[in-house]
Amino acid sequence: MDAQFRELERALAARPDLTVWWRDDDISCIRPWHPVLLLRGWRRLRFVCELLAKTKIPALLAVEPRNFPEKGPLILNVVGVSGLPVAVHGLRHENRARVGGKSEFPPEYAGPDQCREILAVFRRLRQYFGDRLLPVFVPPFNSIASPLREMLEESGITISSGNAGGVCN
């Protein structure tokens, strides 16, 4: 890890404005076909999180709640070692958009029921992560319909998404 850490330090010196945004499903094996691949995925995740923490690059780990019961101990270990803050990444990470684009929360799945379900996930995960869990929701596919975005924001949840317009992309 030392050689990779030194390389990152050189990159940071050249670009002090560097920021990183990473989700657990970006770097880990969510559906591995072999247990060894799962282990390698979690080692990569832990390595990246430790590196981000050591270099003090602003980052958070967005966790999929659907995977938490099974992978909770591994995620808790990564968070405990790295100290990174945590956000909620969707509910089931399913594409529910009917036509074109991808979104777990297109307009037909962007009402009070989904808002209540998301807020319940925050309450449940707060029991595990405590203050490390930020009031930040990262919608899968960077897409969330405006009504749900507004309901969550009114409830004190910040939406982290490249979808600033609130429409499904």
Practice task
Report yes if the side chains of Glu104 and Gln114 come closer than 4.5 Å at any heavy-atom pair, otherwise no.
Solution key: no
Practice task
Taking the side chain as every heavy atom from C-beta outward, state whether Val86 and Leu60 have any atom pair closer than 4.5 Å.
Solution key: no
Problem - Any side-chain heavy-atom pair of Glu50 and Val81 under 4.5 Å - result: yes
Practice task
Spell out, yes or no, whether Tyr128 and Val63 are grouped together once hydrophobic residues are joined by side-chain heavy atoms under 4.5 Å, including indirect joins.
Solution key: yes
Fill in the blank from the handout: So CZ of Arg98 and CD of Glu108: to nearest 0.5 Å the spacing works out to 4.5 Å
Handout entry: Spatial distance of atom CD (Glu64) from atom CZ (Arg66) [nearest 0.5 Å]
Key = 4.5 Å
Handout entry: Validation row: Leu152, Leu119 side chains within 4.5 angstrom (heavy atoms)
Key = yes
Problem - OG on Ser143 to CZ on Arg96, rounded to 0.5 Å - result: 12.5 Å
Exercise for the section: Work out which heavy atom in Cys115 is nearest to a heavy atom in Met151; give both atom names and the distance. Expected result: SG-CB, 3.8 Å
Problem - Beyond-backbone contact of Phe105 with Pro140, side-chain heavy atoms, under 4.5 angstrom - result: yes
Handout entry: Close aromatic pair by centroid cut-off 6.0 Å: His89 and Phe137
Key = no
Problem - Minimum heavy-atom distance Arg126-Asp131, with the two atoms named - result: NH1-CA, 4.0 Å
Handout entry: Non-hydrogen atoms of Pro85 and Leu134 that approach each other most closely
Key = CB-CD1, 3.6 Å
Exercise for the section: Compare every heavy atom of Arg132 with every heavy atom of Leu84, then report the nearest pair and how far apart it is. Expected result: O-CD, 3.4 Å
Problem - Sub-4.5 Å side-chain heavy-atom contact between Leu91 and Glu117 - result: yes
Practice task
Starting at CD1 of Ile144, measure out to OG of Ser160 and round the result to the nearest 0.5 Å.
Solution key: 11.0 Å
Exercise for the section: Work out which heavy atom in Val78 is nearest to a heavy atom in Leu61; give both atom names and the distance. Expected result: CG1-CD2, 4.4 Å
Fill in the blank from the handout: So CZ of Arg124 and CG of Leu133: to nearest 0.5 Å the spacing works out to 11.0 Å
Problem - Ile75/Phe129 under side-chain contact (heavy atoms from CB on, under 4.5 Å): CA gap, chis, key distance, verdict - result: CA-CA 10 Å; Ile75 294 170; Phe129 294 109; 3.7 Å; yes
Problem - Val138 side chain reached by Ile159 side chain, heavy atoms, under 4.5 Å - result: no
Exercise for the section: Compare every heavy atom of Gly111 with every heavy atom of Leu148, then report the nearest pair and how far apart it is. Expected result: CD1-O, 4.0 Å
